[in-house]
Amino acid sequence: MSAPQILMQRGLDRPGESHRLEAYEAVGGYRAIRKALSMSSEAIVEEVKKSGLRGRGGAGFPTGTKWSFIPRGSESPTYLICNSDESEPGTFKDRWLLENDPHAVLEGMMIAAVAIDCHLMFNYFRGEFSYPLARWRAAVDEAYAKGYLGKGIFGSDHDLEVVTHYGAGAYIAGEETGMIESLEGKKAQPRNKPPFPAVEGLFRSPTVINNTETLATVPWIVEHGADAYAQYGTEKSRGTKLWSCSGPIARPGVYELEMGYDLMQFLEDDLGGMLDGVGLKGIIPGGSSVPVLTPDECRGAKLDYEGLRERGSLVGSGGFIVIGDNVSAVDCLLNLAHFYAHESCGQCTPCREGCGWIEQLVDKILLGRGTEADLAMILRISDLMAGKTICALADAMAWPAVAFIKKYPDDFAALCAGPVDMDALAAEVGKRDHILPRAS
Amino acid sequence: MTPFALPESAVAEVDRTIALYPERQAAMLPVLWTVQREAGWISPEAMVWVGERLGCSAAAVQAVVTFYTMFDERPVGRWKLQVCRTLSCELMGARAVIDRIRERLGIEPGETTEDGEFTLQEVECLASCGTAPMMQCNLKFYENLTPERIDALLDELRGSTPRPFDVEPVIYERPDLDGYRAMFPRTLERARTGGAEAEAK
């Protein structure tokens, strides 16, 4: 798997060993935590804030700002959770990091823990990650043996323990309050906010939850400084991002790109273009929950927060799914609708019912029994889902539904029984445009 | 109802797990994993046992067991084949992989072979999209699958014994994808015939 090395993925010049503590330290690992321990916690938070690092799990919330919400001198303990419940379809970068660079994740967690005065932190793995989990456990054992974890880490007066936790198959456990519920031994049903986790999170205590990739980026920022980090990327989208690339392309895999990289250049040069004989139908750039981009929208698009938003999509988790012109958009939407119907946690009616209804309607169209009214009904249901539930899973169903019908109306019309008035369909879609992400 | 029991070593493991957390119930998922590994599945008796250990009701345990897809509420085959069906895998031929397993084993997704060797399940994205299609067999990933590789793998599995801690993935070479374009005739073909084929069914 070729991965252009920019800031992350250190130690890759030692394939098969990059997950070992020795290999990590040989390329400067665990210098940043030593530096962090010599800084005040406020200074660490300030540095990460200044770097402009945003959450790499999907929501893109500024990391330093999230840390700054933790109340100082809280009476109850503060907790840190690393979100390694990577489940967004098309995304496999965190798995890659945990298998190949677990110490970078661990060091990032240590720095975050020092910054928010946390002494017990958790890494929550999805239940299917047995191999990344084994690599991680070995890394944690190495760190304990060296005195990097436990009482007085690195000879400081900061005690720090880590608990490795793992789920058992639930996409929604990746939502941050769903993860808290899951870690408390319950169904992973997201909580109403407020209160936000920074005020009342795990075990009713202040809690920070960060994505694995986000935390793995932190050591570089602390070691080299926020200004050095801001040299990479664009004014508003700083640094680099990992992209997990899949579909009928020549070289799938995990890639690290500077923010602002040209999408088509990435597809053609780095990913080696489409497989022979397959044309480009569309690209879902940020995991299955974000709207698909047509080839026209892909041309000239920049891979960063603003660039993708301008095209009506999002960076999301960086799950870059390339779709070939040998598949129908109806197939794609049915596949995703089945996913969301299966993964809806069931507590909000619009999501629990809506995902299932959309799946049934798309299935009906695929069987050749759908009509124009069914297409209108999918759009109407999407309208009743987006923004009307506790978490964003309903939106994650509504966006692809509206986007696939809007961008590939012919695919749907071709399978419908009876005629479809394309102008009327376009008008119906137009009324739902507000559901899709827009340039801010 | 016969009371549930685990070997002493597993009970010790459960107690060690509980001690890691500030609150007992937080150990729920890892404890259930230990139970499933030892007993093969999670029975109603096991749920009562776990509830007693964690200081919560058996109903609270059952709610968790039924919510998370990896917990088995009934016995499964020695080999549990969980094939990813989500978008990236489907785009790269997951359907052909699932169909080959169905044909070879004579079971549908969700079923177990009569000899108790294999259970087949369709599951959602397993974060292995760059090496699609793939499946998880017990705790091990098999990536870049093809129907031919399934043939060989099923033969190999039938003659061997599962090792619970064998988790290192098997990543085959990416197959020759010259025939990729022909892999998805179904929907586009149907669109061209105006759904006539589907109607005929």
Side-chain angles (χ1 to χ4, degrees), chain A residues 1 86-92 94-95 120 126-131 134 163 165-171 182-188 203 244-248 252-254 275-278 288 319 321 323-324 326-328 330-332 335-336 339 342-343 366-369 411 414-415 417, chain B residues 20-30 32-33 54 56 60 63-64 67-71 82 85-88 90-92 123-132 136 139-141 165 167-169 174 177-178 180-184 186-188 190-192 194-199 201:
Chain A
M1 215 180 266
E86 183 173 52
S87 313
E88 175 75 7
T91 315
F92 47 101
D94 295 337
R95 175 185 167 205
L120 177 58
R126 64 178 298 182
E128 295 88 344
F129 271 4
S130 301
Y131 187 59
V163 171
H165 192 83
Y166 43 101
Y171 171 68
S182 182
L183 232 167
E184 291 183 356
K186 304 169 196 159
K187 293 186 279 186
F203 309 125
S244 321
C245 306
S246 62
V254 178
L275 290 178
D276 283 346
V278 185
S288 69
I321 308 172
I323 301 169
N326 56 335
V327 259
S328 162
V330 187
D331 264 334
C332 297
N335 186 293
L336 295 181
F339 173 82
H342 182 263
E343 298 299 338
L366 201 55
L367 288 171
R369 298 197 201 103
D411 284 24
L415 286 172
Chain B
L20 292 173
Y21 296 87
E23 294 182 5
R24 295 181 77 83
Q25 194 178 335
M28 177 80 79
L29 297 180
L32 286 170
W33 271 114
L54 299 181
C56 62
V64 168
F67 186 86
Y68 295 89
T69 56
M70 295 184 81
F71 292 137
Q82 299 185 299
R85 59 148 298 278
T86 318
L87 189 56
S88 297
E90 171 155 358
L91 290 175
M92 299 310 288
V123 297
E124 302 300 339
C125 188
L126 293 178
S128 186
C129 322
T131 45
Q136 181 173 28
L139 295 177
K140 199 176 165 95
F141 283 15
F165 298 102
V167 296
E168 190 167 348
R174 200 172 194 224
L177 289 160
D178 280 353
Y180 177 77
R181 224 196 134 73
M183 276 162 66
F184 298 92
R186 38 191 209 125
T187 314
L188 291 183
R190 205 174 316 137
R192 273 193 288 277
E197 176 208 343
E199 281 297 296
K201 280 188 187 168

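Everything quoted here is computed from the prediction, not taken from an experiment. Note on naming: letters A, B, ... go to the chains in the order of the sequence lines (proteins, then strands), and numbering restarts at 1 for each one.
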By a 4.5 Å heavy-atom criterion (distance strictly below it), what part of [X] contacts chain B: side chain, backbone, both, or neither?
X: A:E128; result: both
X: A:C245; result: backbone
X: A:L275; result: side chain

### Under the side-chain contact (heavy atoms from CB on, under 4.5 Å) test, residues paired with B:L139 that sit two or more places apart
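For B:L139, the residues satisfying side-chain contact (heavy atoms from CB on, under 4.5 Å) (neighbours in sequence not counted) are A:S130, B:Q136, B:V167.
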### Task
Using the test side-chain contact (heavy atoms from CB on, under 4.5 Å), find all partners of A:T91 that sit at least two apart in sequence or belong to another chain.
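With sequence neighbours excluded, A:T91 shows a side-chain contact (heavy atoms from CB on, under 4.5 Å) to A:E86, A:E88, A:K93, A:S244, A:S317, given in chain and number order.
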### Query
Roughly how far, to the nearest 0.5 Å, is OG1 of B:T131 from CZ of B:R174?
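Taking CZ in B:R174 and OG1 in B:T131, the distance rounds to 9.5 Å.
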### Task
Begin from the C-alpha positions of B:K140 and B:E168 and carry the test salt bridge (Lys or Arg N to Asp or Glu O under 4.0 Å) through to its verdict.
CA-CA 6 Å; B:K140 199 176 165 95; B:E168 190 167 348; over 6 Å; no
Considering only heavy atoms and a distance below 4.5 Å, find which of [options] pairs most often with chain B.
options: A:G319, A:G127, A:A188; answer: A:A188
options: A:S87, A:S288, A:G247; answer: A:G247
options: A:A134, A:S182, A:A170; answer: A:S182

Checking heavy atoms, do the side chain of [X], its backbone, both or neither come under 4.5 Å from chain A?
X: B:R24; result: neither
X: B:A63; result: both
X: B:F165; result: neither

### Message
For the backbone of B:F71 and the side chain of B:W33, can you confirm whether one donor and one acceptor N or O come within less than 3.5 Å of each other?
### Response
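Here the side-chain-to-backbone pair does not exist.
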### Task
Please tell me if the side chains of A:R126 and A:R95 come closer than 4.5 Å, counting only heavy atoms from C-beta onward.
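Contact flag for A:R126/A:R95 side chains = no.
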### Task
Quick one: closest heavy-atom pair of B:L87 and A:C332, and the distance?
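Answer, listing the atom of B:L87 first, then A:C332: CD1-CA, 4.0 Å.
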### Query
Looking at B:S128, B:A60, B:C56, which makes the most heavy-atom pairs under 4.5 Å with chain A?
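Result: the option with the highest number of such pairs is B:S128.
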### Message
Under a 4.5 Å cutoff for heavy-atom pairs, which residue among B:Y21, B:Y68, B:F141 has the most contacts with chain A?
### Response
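Of the candidates given, the most pairs with chain A belong to B:Y68.
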### Query
Does a side chain donor of either A:Y171 or A:H342 reach within less than 3.5 Å of an acceptor in the other side chain?
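Not at all, the side chains of A:Y171 and A:H342 share no donor-acceptor pair under 3.5 Å.
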